[in-house]
Structure formats: structure tokens, C-alpha cells
Trainee: 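Here it is: the structure, laid out below.
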Amino acid sequence: MKKMINKSHIEGILYESTLEERDSKSTPGTKYISGKLSIEVAEDNVITVEIFENEITKAGKRNQKYDKLQSLIGANSIVTTGRDTAVCLKIDSALSLNDWYPQGELVSTLRNFNGFINFVSIGELKPQATFQADMLITSTADDMDRDENGDFIPNGALKVKGYIFDFANRIMPVEFLVESEAGVNYFRDLEPNTFTKVWGKQVTQSETIRKVEESAFGDDKVVEFTNTRRKFVITGTNKEPYMFGEEGILTVQEVQDAIANRNVYLADKKAQSENNAPASTEPVVKNPSTATFTF
């Protein structure tokens with residue numbers, strides 16, 4: 001199996017930091033930092049990077065990232081001090097799945113996890129949120145919106161489903177989007193089990209919905225709520241796909257073995273959940289793909 005590509009790059013103004021330093025239970029006497037860095041790459045697009053870093057590495061040395069993370073605890077952000085004094089960051093991260101079992105059902109969220117963080121000046125800043133990954137594409141389907149009657153109708157975009165791999169070549173089921181007409185036509189015509197590199201942009205899309213319940217007397221009841229959708233939008237792909245099935249690239253057996261390993265991991269996760277392990281507080285997003293692979 002080739003060393004799989006899985007990278008993300010986020011560059012913008014620190015919107016909010018929820019980083020905290022705590023004592024490590026697994027390594028008494030040392031600490032870890034966890035939380036989220038929310039980065040504004042546009043006024044209507046805030047991208048989150050989740051952080052979990054131990055003070056001491058597995059090799060017994062101090063984590064070189066730790067001092068910088070400490071400085072970001074309580075750092076100037078748009079939320080705390082305003083846009084003019086908020087720090088600017090450039091983060092090279094990677095995509096990862098967060099899996100858990102609320103009410104016994106698998107839920108997964110695709111996230112930016114850890115990475116290398118650098119401070120930059122406002123003059124050096126090039127706001128962006130991008131990703132690139134080697135992807136085994138298994139299927140596509142029309143993306144849907146609800147119309148005014150509550151029915152689902154195609155919105156012109158295409159869901160691209162399949163698998164990517166993390167830094168240790170562990171498999172992850174994912175679902176990306178293609179929104180351009182040329183991209184939709186290209187991916188719709190692809191053969192199942194095409195293995196290629198894709199790249200694109202990350203978008204956090206928020207929509208405020210306002211509902212009014214008319215009252216027989218007095219004031220109407222007005223309810224507003226915000227729906228937020230995180231999108232990974234493919235904007236390009238290799239002109240020629242990889243040779244799937246070729247030794248040294250990716251073989252059917254390697255995919256099947258990787259899925260078997262993931263299923264073992266998920267079984268352990270579910271067992272922990274059933275033993276009253278602490279529940280995740282992540283927003284609920286249904287698992288984008290089941291961990292199966294057949295021809």
C-alpha cells in the first residue's frame with residue numbers, strides 16, 4: 001500500500017480558542033492540552049481544528065508543539081478581544097473521523113485533527129481552508145435539499161462516497177461533495193472503485209430558519225434556529241486515476257483488511273459506550289458510509 005495523502009490547510013484569524021490544559025490520567029505527573037481552534041477564513045466561514053496533544057511523547061520527550069499550544073490558551077481572538085487584535089494562524093492538519101455511539105448507534109464526524117501551527121502577520125495571511133486526499137471512490141448520489149413542502153429534491157450537487165486513509169493508513173469512510181457542473185459530470189461517469197487523489201475546499205454553511213406560529217390573539221410565536229452544515233467540496237482530481245489493485249498502490253485485500261481492522265476498532269468503541277463511557281459532545285452527524293467493501 002502506498003503512503004496515502006491526507007492533508008488539510010487552514011489559514012485565517014482566530015475566531016475562538018477552547019483549549020485547556022489538564023492532568024493526564026494515563027501518564028501521571030504530565031499534562032495534555034485539548035479543545036478546539038476555530039479559524040475564520042471568511043466572515044461567513046469558520047473552520048474548526050480539534051486538538052489533543054500530550055506534553056510528553058511516546059518516546060519520552062517533550063512534545064515540540066506543546067509550548068505553542070499553551071500560548072493559544074486564552075489567546076486574543078475575535079470572540080474575546082475583537083477582530084483587530086485577534087491572532088492570525090496557519091495550520092497544517094489532516095482529516096480524521098471522530099466515532100462514537102450515542103444511544104447505541106454509530107455516529108461519525110469528519111474533522112481537522114491536530115497538526116502544525118504557525119503564527120502569521122495579517123499582511124502575510126492568505127485566508128483559506130483546503131484539503132487533499134487519496135480516495136477510493138465507491139459510489140455517487142445526488143445531493144438533496146428540502147423544498148417548501150418538505151420534499152427532498154436534487155440541488156445540482158453530487159455526493160461522492162468512498163474511503164480515505166489517515167497517517168497510519170487506517171481506513172475512513174467519507175462523503176465529499178462536488179458542486180461544479182463539470183465536476184458533477186466527471187464523477188457521475190466514474191467507474192465504481194476508482195482510486196485517485198482529490199482536492200478541494202472546506203466550507204461551514206449556516207442558514208437561519210425563521211418560523212412563525214400565528215396566535216388567535218396577542219403576539220405571534222416566532223422561533224428562529226440555525227442549521228450548520230460542514231462541507232468538503234471537491235474542486236479537482238488527478239487527470240489519471242491510480243492503478244487500483246496494483247501491488248504497491250492499493251489492493252482489494254489491503255482494503256478488506258483495513259475495513260476488518262476498522263470493524264474491530266468500532267466494536268471496541270461500542271463496548272466502551274455500553275459500559276457507560278463518557279459520551280461525546282460533538283454535534284450529531286450520521287455516519288456517512290458503512291464499513292463494507294464488495295465488488
Side-chain angles (χ1 to χ4, degrees), residues 10 12-20 34-51 74-86 97-112 127 129 141-161 173-179 184 200-233 270 273-274 276-290:
I10 299 95
I13 303 172
L14 181 63
Y15 182 82
E16 184 179 22
S17 169
T18 64
L19 297 186
E20 292 182 331
S34 65
K36 299 179 182 180
L37 296 172
S38 298
I39 310 298
E40 184 185 89
V41 299
E43 287 193 19
D44 57 350
N45 192 16
V46 175
I47 303 298
T48 299
V49 180
E50 296 187 25
I51 302 294
N76 288 358
S77 68
I78 293 174
V79 168
T80 57
T81 63
R83 187 182 309 277
D84 291 342
T85 56
L97 274 184
N98 188 21
D99 302 299
W100 74 100
Y101 282 87
Q103 291 81 49
E105 181 183 2
L106 175 62
V107 172
S108 298
T109 53
L110 188 61
R111 58 183 177 169
N112 300 287
D142 288 323
D143 193 39
M144 300 284 188
D145 286 334
R146 285 186 183 271
D147 65 13
E148 58 187 14
N149 298 318
D151 298 323
F152 285 103
I153 58 172
N155 59 23
L158 189 71
K159 297 176 182 178
V160 179
K161 303 179 182 183
V174 295
E175 180 181 286
F176 297 148
L177 278 179
V178 182
E179 295 182 333
V184 167
K201 60 185 179 180
Q202 301 185 45
V203 179
T204 301
Q205 189 176 58
S206 297
E207 178 185 14
T208 300
I209 299 173
R210 187 173 187 268
K211 291 187 176 182
V212 179
E213 296 181 19
E214 294 184 356
S215 173
F217 65 92
D219 297 331
D220 294 336
K221 180 181 179 182
V222 179
V223 178
E224 289 189 354
F225 58 94
T226 301
N227 281 337
T228 300
R229 182 185 186 187
R230 299 174 186 172
K231 302 192 298 184
F232 293 81
V233 182
K270 188 172 185 180
S273 175
E274 291 171 349
N276 298 317
S280 172
T281 58
E282 279 292 300
V284 172
V285 178
K286 296 298 182 182
N287 188 38
S289 175
T290 55

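Note that the structure is a prediction, hence the values are computed from the model and not measured.
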Trainee: Say whether, by atom type as modelled, one donor and one acceptor occur between the side chain of Thr81 and the main chain of Ser77 under 3.5 angstrom.
Mentor: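 Confirmed, Thr81 side chain pairs with Ser77 backbone.
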Trainee: Would one find more than 12 heavy atoms of other residues, nucleotides or ligands at under 6.0 Å from atom NZ of Lys270?
Mentor: no
Trainee: Step by step, work out the salt bridge (charged side-chain N to carboxylate O under 4.0 Å, His left out) result for Lys221 and Glu214.
Mentor: CA-CA 6 Å; Lys221 180 181 179 182; Glu214 294 184 356; over 6 Å; no
Trainee: Would you please test Tyr15 and Val79 for side-chain contact (heavy atoms from CB on, under 4.5 Å) and show each step?
Mentor: CA-CA 6 Å; Tyr15 182 82; Val79 168; 3.7 Å; yes
Trainee: Is a donor on one side and an acceptor on the other found under 3.5 Å between the side chain of Asn98 and the backbone of Arg111?
Mentor: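 Not a single qualifying donor-acceptor pair exists.
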Trainee: Is it the case that more than 12 heavy atoms not belonging to Lys231 sit under 6.0 Å from its NZ atom?
Mentor: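 Yes.
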Trainee: Output yes when a side-chain donor or acceptor of Asp220 lies under 3.5 Å from a complementary backbone atom of Ser215, and no otherwise.
Mentor: yes
Trainee: Of Val46, Ile47, Thr204, which is the lone residue that meets side-chain contact (heavy atoms from CB on, under 4.5 Å) with Glu40?
Mentor: Val46
Trainee: To the nearest 0.5 angstrom, please state how far the OG atom of Ser34 sits from the CD atom of Glu50.
Mentor: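 Taking OG in Ser34 and CD in Glu50, the distance rounds to 10.0 Å.
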Trainee: Could you tell me whether the side chains of Ser108 and Asp99 share a donor-acceptor contact shorter than 3.5 Å?
Mentor: yes
Trainee: Any side-chain heavy atom of Pro154 sitting closer than 4.5 Å to one from Met144?
Mentor: yes
Trainee: Could you tell me which non-hydrogen atom of Arg83 sits nearest to which non-hydrogen atom of Ile13, and how far apart they are?
Mentor: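 Minimum heavy-atom separation between Arg83 and Ile13: CG-CD1, 4.2 Å.
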Trainee: Taking all non-hydrogen atoms of both residues into account, name the closest pair between Thr48 and Ser38 and its distance.
Mentor: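 Reported closest heavy-atom pair: OG1-OG, 3.7 Å.
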Trainee: Rounded to the nearest 0.5 Å, what's the gap from CG on Leu106 to OH on Tyr101? Could you check?
Mentor: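 Here the rounded value is 4.5 Å.
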Trainee: Measure the spacing between CG of Leu37 and CD1 of Ile10 and express it to the nearest 0.5 Å.
Mentor: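 Taking CG in Leu37 and CD1 in Ile10, the distance rounds to 10.0 Å.
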Trainee: Do the side chains of Asp142 and Leu158 get nearer than 4.5 Å, heavy atoms only?
Mentor: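 Yes, their side chains come closer than 4.5 Å.
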Trainee: Looking at every heavy atom in both Gly156 and Val184, which two are closest together, and how far apart are they?
Mentor: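 Minimum heavy-atom separation between Gly156 and Val184: O-CG2, 3.5 Å.
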Trainee: So, applying side-chain contact (heavy atoms from CB on, under 4.5 Å) with Phe232, which one of Val203, Leu177, Val160, Leu110 is it?
Mentor: Leu110
Trainee: Looking only at side chains, do Gln202 and Asn112 share a donor and an acceptor under 3.5 Å apart?
Mentor: yes
Trainee: Within the 4.5 Å heavy-atom criterion, are Ile39 and Pro127 side-chain neighbours or not?
Mentor: no
